Amino acid sequence: MSCEFLSPSEAVPRWIAPGATVGVGGMHMTAAPMSLVREIVRQRIRIGRLVTSPSASLQADLLIGAGLVEELISPYVGFEHLGLAPAFRRAVEGGSLAVLECDEGSLTHALYAGAGGLPFIPCPPGIDLTDIPKVNPTLYRQVQDPFTLEARWAVAAVRPDVTLVHCAEADESGNVAFGGFPFTDRLMALAGRRVIVQVERMVSQERMAAHPPGTTLPGFLISAIVVAPGGCHPTAAPGYYGRDEDAIQAYLEAARTPEGFQEYVERTILRLDEPAYLEQVRGQQPAGVS
Amino acid sequence: MSCEFLSPSEAVPRWIAPGATVGVGGMHMTAAPMSLVREIVRQRIRIGRLVTSPSASLQADLLIGAGLVEELISPYVGFEHLGLAPAFRRAVEGGSLAVLECDEGSLTHALYAGAGGLPFIPCPPGIDLTDIPKVNPTLYRQVQDPFTLEARWAVAAVRPDVTLVHCAEADESGNVAFGGFPFTDRLMALAGRRVIVQVERMVSQERMAAHPPGTTLPGFLISAIVVAPGGCHPTAAPGYYGRDEDAIQAYLEAARTPEGFQEYVERTILRLDEPAYLEQVRGQQPAGVS
Amino acid sequence: MSGAYSTLELMAVVLARNLQDGEVVVMGAVPALPLAACRLARALHAPTLWYIVGGSGTVNPAPDSLPASSCDPALRPAPSTLPLPDVVLLEGRGDALDVFCAGGLQIDAHGNCNLVSVGPWAHPKFRGPGSVGIPFLPVTKRSVIYTMSHTPRTFVERVDFVSGPGHPSGPEQDRPYRRQGPSLVVTPLAALDFDPHDRRMRLRTVHPGVAVNQVADATGFELVLPSQVPETPPPTERELSELRRWDPHGVLRR
Amino acid sequence: MSGAYSTLELMAVVLARNLQDGEVVVMGAVPALPLAACRLARALHAPTLWYIVGGSGTVNPAPDSLPASSCDPALRPAPSTLPLPDVVLLEGRGDALDVFCAGGLQIDAHGNCNLVSVGPWAHPKFRGPGSVGIPFLPVTKRSVIYTMSHTPRTFVERVDFVSGPGHPSGPEQDRPYRRQGPSLVVTPLAALDFDPHDRRMRLRTVHPGVAVNQVADATGFELVLPSQVPETPPPTERELSELRRWDPHGVLRR
């Protein structure tokens, strides 16, 4: 399999089929593949099941607010010190979004299972004392431990049809290197049937080869690479730029109402194609902020 | 929990109880924690169950040949192009070693389960078509997949009482950094109730902090660190020295018979304490060979 | 409260004093308060304390100031960084971690925490962000709970949804996984723990300037009230000066 | 064989010709031969071939010479290196890898491989090193088998222990996991594949200087023998010169 270098507007429809299970990386407000997420919003691609990292922020809230998500697998959607996720909250309270309730442990193990061809994983201890598995019979079932014969919750494998992650660097063979943190992004990429990676920049194969084991992904796992410097904005790209809190707060302010959300999306996303969006962001902040 | 810096002769009896389940790292002829292994041989500590990396060589064969291993969990004991493992072969063919037959996939997942508090893992596909699970009811049982209701092999979690691995570097807080390859050594350390790490050298905290995620282990997981430059000899330590094929071949030649094995152990291991062994090795080869 | 220190600074000091040397602490989202507490404990009485900043996987990071986000790039370099899946493994293993920092939309009389929903799960009146890692609370040696909201809406008799399990209401032998469960609750009004008999939340100290009945009124269930409730000792000068070394922008003084 | 090239060089060339552009190959212990084949295929007809060197997790390493061990430090730096547990995940996932290189103490008529024991498992006459990763053979798109030992002791009707599953002996629809199974066997005497009907091993080409009956005699079961068995085309000059670029010490000429 050979990886293609595409623009966001090419990559997104090429590999994200309407109704697909889509995994989106980035933890909290760091390393969210926002260029790809914005392009999904522009092209209005319906997501059957959205799978996030153990903690998501704008990468989930934007897709949910745009009405593109049917089911959500996410242990956390919020904005840490900046507050709750307005679109997520509204969609769940209004009954328009189905949540497959889960936690960080189950999700991480479910992605491990998806990456490894394992059908399910018996859950680690703790979740049996919560209400989580009881409200999510899709992901959780009771399994009998064949060694102790005790009953135990199990979580089903999760395999995104396509996984979207941000990486710092790519080389011309399609190998990619993560920036400061691999989070669960590496695992979600290993579990994806297809992987689209958004990168900050291209580097030589020599530079790529200097990265230690576990900080890269080989190109044979990647279907498309999108070079989008600044593309995590307004979230942070470790080693490149911090998060743009003003921009995130502007979103949170606007998204308090459905009308505000819609107006925000039209003004900041739909009005511009992704290269124009990134051009505008680069004009607003000094380059190379870290 | 606080990590201690000990000599091999202190660390081994401190944390390896007779009859314990001992995990030993290093893949093939690279990064085997031989200083610790030799010390077990010198102190004749009985190992109830030896767990190796997916492929082991001298680190297993030496302990087996010394008659210290009751049960073995290892998917491979051999010396690649140099031939089969003489002591392992003799012990199995002679019926003195119980082998818990397994493969690389099951073992890796079993260590993952051990590290994560999971009781077992349903096996990946493939092993169901082999004879492996049939001959190892201790590690393998049939589980009913609660989602598909199909029967499936499961492997029990493996948790060494103590894991022995080699790392390149340690800092004074007890953080350690792997050399070229993490292999399954990182995972085996995460699964160990106790971990003893053998390192090539001490470094500053600044240098340790520069290592990317996934290439280090935090000191709170480590019970003891042994500084043993050259301690992987005759296996390789990536970035420090290659394997000493002459020494490995001398072992293989000697170990063809039980008497030869015994004579070899007396001459090369029992006669010297570990500092003297390493001194001798350093005298035989140029420093810093990579 | 006194103008000499903020409520958040006092809470950080209370948390710090509770952390024992050698313990391994894990914290989640919005890490400024527990991170400040861990650094303070290390500086004062717990030099070999370890702390993991949630999503980042960084162990013992010492950034110049307190980051607002648990995945802030400023957390690197750290002496060691675990990939997040490895943090999850250690959380499940249980014997690797000692103190889990938690909180909730709702916190109940037995220390159960709810980050999911107020009202019925299927038709929530209020939807929270989600449970993240707090199902691991009962597997860790002990947990500490902190919240900025000490109100009857937060402190309820029984949470509407259990995200992070607290103490069982049954007898001692039912203690899950033989761990200690929640051992401390820190709020803007008080420090609390749990009665060893019925394991209901118990008032331990009231912060300077706060009355016992003020805490009882702010709590939506019947607190265990000892006959003597001392005042929380205010931060010492040394505690405050250490604390402010890593908080030049006054994140804890806002 | 001709003195112009060695048997191992010829085997590497036969393997290389079989690898298709874009395939992802995984190899295990003693990687010199499959590594040489992968590099040759990339140099000649498969520029986007990928290969993973077993235990090291290195992807597409290009060392100056052919390492004898699959965990040789000389395999780094490589364009990308997977931690070994990630290689295990991809092996189980199945759709990530295309060609698994395998071998055995015993190889049987249906391509099952045995790395464990000759004789009964509990009382082996001969104990092999163990199964390593070859239980994943039937999950990969296809596998290729190579061995330096073409003798009746290695090529047996039925292996004593199945480490690496080959073709099922039943009808087409029983193909496990809908993958292709073993597609090529390379030995010092011949190249073989499997009859599409009964999936028994079939002689495809005999190496220069080897007679068909010599192969049949060296095989401990009845080979499928087509009426025409052509000679294995010897290495071209270009193949040999490319091959020797990464084998300055003549590992394949020993």
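If you're wondering where the values come from, they're calculated on a predicted model, not measured in any experiment. To find a chain, count down the sequence lines: A is the first, B the second, and so on, and within it residues start at 1.
Inter-residue side-chain proximity for Glu172(B) and Gln205(B) is flagged as unmet; no heavy-atom pair is nearer than 4.5 Å. The closest side-chain heavy-atom distance from Met27(C) to Tyr51(C) is below 4.5 Å. Using a 4.5 Å heavy-atom threshold, the side chains of Leu139(B) and Ser106(B) count as separate. Contact of the Ile196(B) side chain with the Ser223(B) side chain is not registered, since no non-hydrogen atoms from C-beta on lie closer than 4.5 Å.
Note on Leu187(B), Thr216(B), Leu190(B): by heavy-atom pairs under 4.5 Å with chain C, the leading option is Leu190(B). Per-residue heavy-atom pair counts under 4.5 Å with chain C were compared for Ala113(B), Gly174(B), Ala115(B), Gly117(B), and the maximum is reached by Ala115(B). Per-residue counts of heavy-atom pairs under 4.5 Å with chain B were compared for Gly94(C), Ala78(C), Pro77(C); the largest is that of Ala78(C). By number of non-hydrogen pairs under 4.5 angstrom with chain B, the leading residue of Ser56(C), Pro83(C), Pro61(C) is Pro83(C).
A donor and an acceptor atom, one from each side chain of Glu169(B) and His211(B), are located under 3.5 Å apart. Asn18(C) and Arg142(C) form a side-chain donor-acceptor contact under 3.5 Å, judged by distance and modelled atom types alone.
Looking at Ala96(C), the atoms closer than 4.5 Å to chain B (heavy atoms on both sides) sit in the backbone and in the side chain alike. Neither the backbone nor the side chain of Leu49(C) comes within contact range of chain B; no heavy atoms are under 4.5 Å apart. Residue Leu97(C) touches chain B through its side chain alone, counting heavy-atom pairs closer than 4.5 Å. Of the atoms belonging to Arg159(B), it is side-chain heavy atoms, and not backbone ones, that fall under 4.5 Å from chain C. Within the 4.5 angstrom heavy-atom criterion, no atom of Thr215(B) approaches chain C.
Between Arg204(C) and Asp193(C) a salt bridge is recorded (basic side-chain N to carboxylate O distance below 4.0 Å).
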